[in-house]
*Asks:* 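Below: one structure in structure tokens.
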Amino acid sequence: MKKKLVSVLLCATMIATMVAGCGSSGGTQKDDSSSKTKTEDAKKSDDTTTASSDTEFGKALAQVDKDLAPLPKKDSGMKLAAIESTLSNSFWVTMQEGYKDAAKAYGVSIDVQATDSDTDTSGQLDILNNMLVKDYNAIAVSPLTEDCLISGIAAANKDDVKIITTGNQVNEDMLKQAGGNLDAKITVDFYNQGVMGAQYIIDKTGGKGKVAVIAGNEGGTQADARRDGAKETFEKAGMDVVDVKQCDFDAQKAYDATTSIIEANPDLVGIACGNDDMALGVVRALQEKNMKDKVKVVGVDFTTEAKSSIEEGTYDATVAMSPYLMGREAVIIMLKALEGQDVSEVGDSTPMVLVDKSNVNEMSDWK
């Protein structure tokens, strides 16, 4: 697949070069420069997302657009909206950028709002209900729990507003009972993220010793799946899971939980975390106890802060996903749904990569 994708991109590059060369022949140097500037400006306004096809992110970007073809028409005038979790987490900030850049590229508007915290379920429902009186054509939601937006989604259906979920899912049995439905789902294999993180620790420790799991908010799609993926992978490898703590994606709670865990288990060898914010809280607790060199720590998201810590050597690894591309996918899928295209089986095209000091330099433009 990668070889095929690279071949397609190389062919596209050669064709683009030939066209540019033909267009510049026969004119003065001044005219050529003016034409080139106009072409570059047009390209920038046409799509704000730029990435080299030689990087992991560039390849992922090209793959997303390929998988979502046929792409929707531009400048449709549609009004879109999106609901995220707290913008104090850089994951959601990057996803917001993906939403906004894609909307700009497609010539539509988008209103991106977020909750005050990762556990503000009532606040998230309030945001959705308030959006329903603003004539949005479609709304993308990342539910904090599987049931917190049920009533709002059902109300959106009655108003003929397209609703898609991005990553986090809803309980579809409950939604059906409430008379609601989803137009599309961007699904993510959160369970495998937990597996990947735990497997890294298993590989680094030889699968022997005591480990712990620091999880997010109980009841959250991604939190529960990452927790279970890590715990069950450790157990299958024969490692001793001494504790599982729900820390609501909060760095301070993860710090406090880790302090308690290592006091009871000073021979701990690894901790798998549900996101990077919590993982960095874990790292801080271990550093203060002079135990970081003895305990492998893995998280999920590959946030800016995580990248810096891996480069510095204070944080071992993280499972990278691309919130930026998820935001881009969501905009494209909302517009496809509004055109009447079948988006019921779109799935997810964003890749997952285990990042540690061995490959962090290859992820320089990842977002």
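These numbers come from the heavy atoms of this one structure, side chains and all, not from hydrogens, waters or symmetry mates. Because the structure is a prediction, the values reported are computed rather than measured.
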*Asks:* Would you call Phe249 and Met278 a side-chain contact if the rule is heavy atoms closer than 4.5 Å?
*Replies:*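 Yes - at least one pair of side-chain heavy atoms lies under 4.5 Å apart.
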*Asks:* Considering only heavy atoms from C-beta outward, does the side chain of Ser85 approach that of Gln124 to under 4.5 Å?
*Replies:*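 No; the side chains remain at least 4.5 Å from each other.
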*Asks:* Decide yes or no on side-chain contact (heavy atoms from CB on, under 4.5 Å) for Asn359 and Val353, but give the supporting numbers first.
*Replies:* CA-CA 10 Å; Asn359 64 343; Val353 182; 4.0 Å; yes
*Asks:* Between Lys185 and Glu172, is the closest basic N to carboxylate O distance under 4.0 Å?
*Replies:*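 Answer for the salt bridge query: yes.
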*Asks:* Below 4.0 angstrom, N of the basic side chain to O of the carboxylate: do Asp301 and Lys307 qualify?
*Replies:*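 Between Lys307 and Asp301 there is no salt bridge, as every charged N stays at least 4.0 Å from the carboxylate O atoms.
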*Asks:* Donor-acceptor check, side chain of Asn192 to backbone of Val195, threshold 3.5 angstrom: yes or no?
*Replies:*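 Pair absent, no side-chain N/O of Asn192 close to backbone of Val195.
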*Asks:* Do Asp267 and Lys210 sit within salt-bridge range, that is, some charged N less than 4.0 Å from a carboxylate O?
*Replies:*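 Result for this pair is yes, salt bridge flagged.
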*Asks:* In terms of hydrophobic clusters joined by side-chain contacts under 4.5 Å, are Val161 and Leu182 together?
*Replies:*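 Yes, one cluster joins them.
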*Asks:* Once you round to the nearest 0.5 Å, how far does CD1 of Ile310 lie from OH of Tyr315?
*Replies:*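 Going from CD1 on Ile310 over to OH on Tyr315, the span is 6.0 Å.
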*Asks:* Go through the steps for Asp203 and Gln199 under the test side-chain hydrogen bond (donor to acceptor under 3.5 Å, both in side chains), then give the verdict.
*Replies:* CA-CA 6 Å; Asp203 292 342; Gln199 190 60 52; 2.9 Å; yes
*Asks:* State, yes or no, whether a side-chain contact exists between Asp276 and Val300 at a heavy-atom distance under 4.5 Å.
*Replies:*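 Not in contact.
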*Asks:* Would you indicate whether the side-chain heavy atoms of Val319 and Tyr200 approach each other to under 4.5 Å?
*Replies:*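 In short, these two side chains do not touch, never coming nearer than 4.5 Å.
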*Asks:* Quick check: are there more than 12 heavy atoms from other residues, nucleotides or ligands sitting under 6.0 Å from NZ of Lys204?
*Replies:*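 12 or below, so no.
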*Asks:* Just how far is it from atom OG of Ser344 to atom CD1 of Ile333, taken to the nearest 0.5 Å?
*Replies:*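 It comes to 11.0 Å.
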*Asks:* If you round to the nearest 0.5 Å, how far is CG of Asp118 from OG1 of Thr145?
*Replies:*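 So the OG1 of Thr145 and the CG of Asp118 are separated by 12.0 Å.
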*Asks:* Are Leu144 and Leu175 connected, step by step, through hydrophobic side chains (Ile, Leu, Val, Met, Phe, Trp, Tyr) whose heavy atoms are closer than 4.5 Å?
*Replies:*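 Not linked; separate clusters.
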*Asks:* I'd like to know whether Met95 forms a side-chain contact (heavy atoms from CB on, under 4.5 Å) with Ser142, so could you lay out the CA-CA distance, the side-chain angles of the two residues, the decisive distance to 0.1 Å, and finally the verdict.
*Replies:* CA-CA 11 Å; Met95 190 171 177; Ser142 297; 3.9 Å; yes
*Asks:* Measuring only between side-chain heavy atoms, which start at C-beta, is Lys231 closer than 4.5 Å to Val244?
*Replies:*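 Contact flag for Lys231/Val244 side chains = yes.
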*Asks:* Start with the C-alpha gap between Glu84 and Tyr99, add the side-chain angles, then the distance that decides, and say whether side-chain hydrogen bond (donor to acceptor under 3.5 Å, both in side chains) holds.
*Replies:* CA-CA 11 Å; Glu84 300 183 334; Tyr99 276 126; 5.2 Å; no
*Asks:* Quick check: are there more than 12 heavy atoms from other residues, nucleotides or ligands sitting under 6.0 Å from CG of Asp293?
*Replies:*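 It does not: Asp293 CG has 12 such atoms or fewer within range.
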*Asks:* Checking side-chain contact (heavy atoms from CB on, under 4.5 Å) against Lys292, which of Asp316, Val282, Thr314 comes through?
*Replies:*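 Output: one option passes, namely Asp316.
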*Asks:* Without swapping roles, check the side chain of Asn265 against the backbone of Leu268 for a donor-acceptor pair under 3.5 Å.
*Replies:*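 A pair under 3.5 Å: no.
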*Asks:* To check you understand the geometry: which heavy-atom pair defines the closest contact between Pro72 and Lys336, and what is its length?
*Replies:*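 That would be CD-CG, 3.8 Å.
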*Asks:* Should Asp365 and Lys367 count as an ion pair when the cut-off is N to O under 4.0 Å?
*Replies:*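 A salt bridge is absent here (no side-chain N lies under 4.0 Å from a carboxylate O).
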*Asks:* Is there a path of hydrophobic side-chain contacts, each under 4.5 Å between heavy atoms, that joins Val108 and Ile163?
*Replies:*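 Different clusters.
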*Asks:* Please check if Ile186 and Leu68 belong to a single hydrophobic cluster, counting links between Ile, Leu, Val, Met, Phe, Trp and Tyr side chain heavy atoms closer than 4.5 Å.
*Replies:*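 Looking at the clustering, Leu68 is in the same group as Ile186.
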*Asks:* Return yes if a side-chain donor-acceptor contact under 3.5 Å exists between Asp101 and Tyr324, otherwise no.
*Replies:*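 Distance-only check passes for Asp101 and Tyr324.
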*Asks:* Please report the shortest heavy-atom distance between Ala320 and Val355, naming the atom on each side.
*Replies:*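 Closest approach of Ala320 to Val355, heavy atoms only: CB-CG2, 3.8 Å.
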*Asks:* Could you grab the distance from atom CG of Leu80 to atom CE of Met131, nearest 0.5 Å is fine?
*Replies:*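 Interatomic distance, Leu80 CG to Met131 CE, rounded to 0.5 Å: 10.5 Å.
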*Asks:* In terms of side-chain heavy atoms, does Gln246 have a donor or acceptor partner in Asp248 at a distance below 3.5 Å?
*Replies:*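 Short answer, no.
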*Asks:* Checking side-chain hydrogen bond (donor to acceptor under 3.5 Å, both in side chains) against Gln169, which of Thr165, Asn171, Thr166 comes through?
*Replies:*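 Going through the options one by one, the only one that passes is Thr165.
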*Asks:* Under 4.5 Å between side-chain heavy atoms, hopping through other hydrophobics if needed: is there a path connecting Met196 to Phe234?
*Replies:*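 Same hydrophobic cluster.
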*Asks:* Considering non-hydrogen atoms only, spot the tightest contact between Ala114 and Ile127 and give its length.
*Replies:*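 Closest heavy-atom pair between Ala114 and Ile127: O-CD1, 3.5 Å.
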*Asks:* Would you check if Asp224 and Glu218 make a side-chain contact, meaning some heavy-atom pair closer than 4.5 Å?
*Replies:*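 Yes, at least one pair of side-chain atoms sits under 4.5 Å.
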*Asks:* Rounded to the nearest 0.5 Å, how far does CD1 of Ile262 lie from NZ of Lys294?
*Replies:*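 CD1 of Ile262 is found 10.5 Å from NZ of Lys294.
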*Asks:* Hey, does Tyr106 have a side-chain heavy atom less than 4.5 Å from the side chain of Asp75?
*Replies:*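 Asp75 does not reach Tyr106 side chain to side chain.
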*Asks:* Tell me whether Ser90 contacts the main-chain N or O of Val93 through its side chain, where contact means a donor paired with an acceptor under 3.5 Å.
*Replies:*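 Answer holds: no.
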*Asks:* So, for Ala257 and Cys247, which heavy atoms are closest and what is the spacing to 0.1 Å?
*Replies:*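 Closest pair (atom of Ala257, atom of Cys247, distance): CB-SG, 3.7 Å.
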*Asks:* Please report the closest heavy-atom contact between Val188 and Gly167, naming both atoms and the distance.
*Replies:*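 So the minimum-distance heavy-atom pair works out to CG2-CA, 4.0 Å.
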*Asks:* Checking Asp173 against Gln177: is there a side-chain donor and acceptor pair closer than 3.5 Å?
*Replies:*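 Short answer, no.
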*Asks:* Ala285 and Thr259: which non-hydrogen atoms are nearest, and at how many Å?
*Replies:*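 What the structure gives for the nearest pair is CB-OG1, 3.9 Å.
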*Asks:* Please determine whether a side-chain nitrogen of the Lys or Arg among Lys236 and Glu232 lies less than 4.0 Å from a carboxylate oxygen of the Asp or Glu.
*Replies:*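 No, no charged N to carboxylate O under 4.0 Å.
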*Asks:* Please check: side-chain N/O of Trp366 versus main-chain N/O of Met321, any donor-acceptor pairing under 3.5 Å?
*Replies:*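 Yes, the answer is positive, given that a donor and an acceptor are paired below the 3.5 Å cut-off.
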*Asks:* For a quick check under 3.5 Å, do Gln222 and Arg227 share a side-chain donor-acceptor pair by atom type?
*Replies:*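 On atom types as modelled, these side chains do not qualify, holding no pair under 3.5 Å.
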*Asks:* Quick one: do Met334 and Met78 satisfy side-chain contact (heavy atoms from CB on, under 4.5 Å)? Show the steps, please.
*Replies:* CA-CA 10 Å; Met334 282 190 282; Met78 293 295 177; over 6 Å; no
*Asks:* Run the numbers on Ser151 and Leu125 for side-chain contact (heavy atoms from CB on, under 4.5 Å), then give the verdict.
*Replies:* CA-CA 8 Å; Ser151 62; Leu125 179 59; 3.7 Å; yes
*Asks:* Any side-chain heavy-atom pair from Glu311 and Lys357 closer than 4.5 angstrom?
*Replies:*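 No; the side chains remain at least 4.5 Å from each other.
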*Asks:* Ile139 and side-chain contact (heavy atoms from CB on, under 4.5 Å): which partner among Ile164, Ile153, Leu132, Asp183?
*Replies:*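 Of Ile164, Ile153, Leu132, Asp183, side-chain contact (heavy atoms from CB on, under 4.5 Å) with Ile139 is met by Leu132 alone.
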*Asks:* Does a side chain donor of either Gln252 or Asp256 reach within less than 3.5 Å of an acceptor in the other side chain?
*Replies:*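 Yes, because at least one side-chain N or O of Gln252 sits under 3.5 Å from a partner of the opposite role on Asp256.
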*Asks:* What distance separates Asp243 CG from Lys245 NZ, expressed to the nearest 0.5 Å?
*Replies:*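 The distance works out to 4.5 Å.
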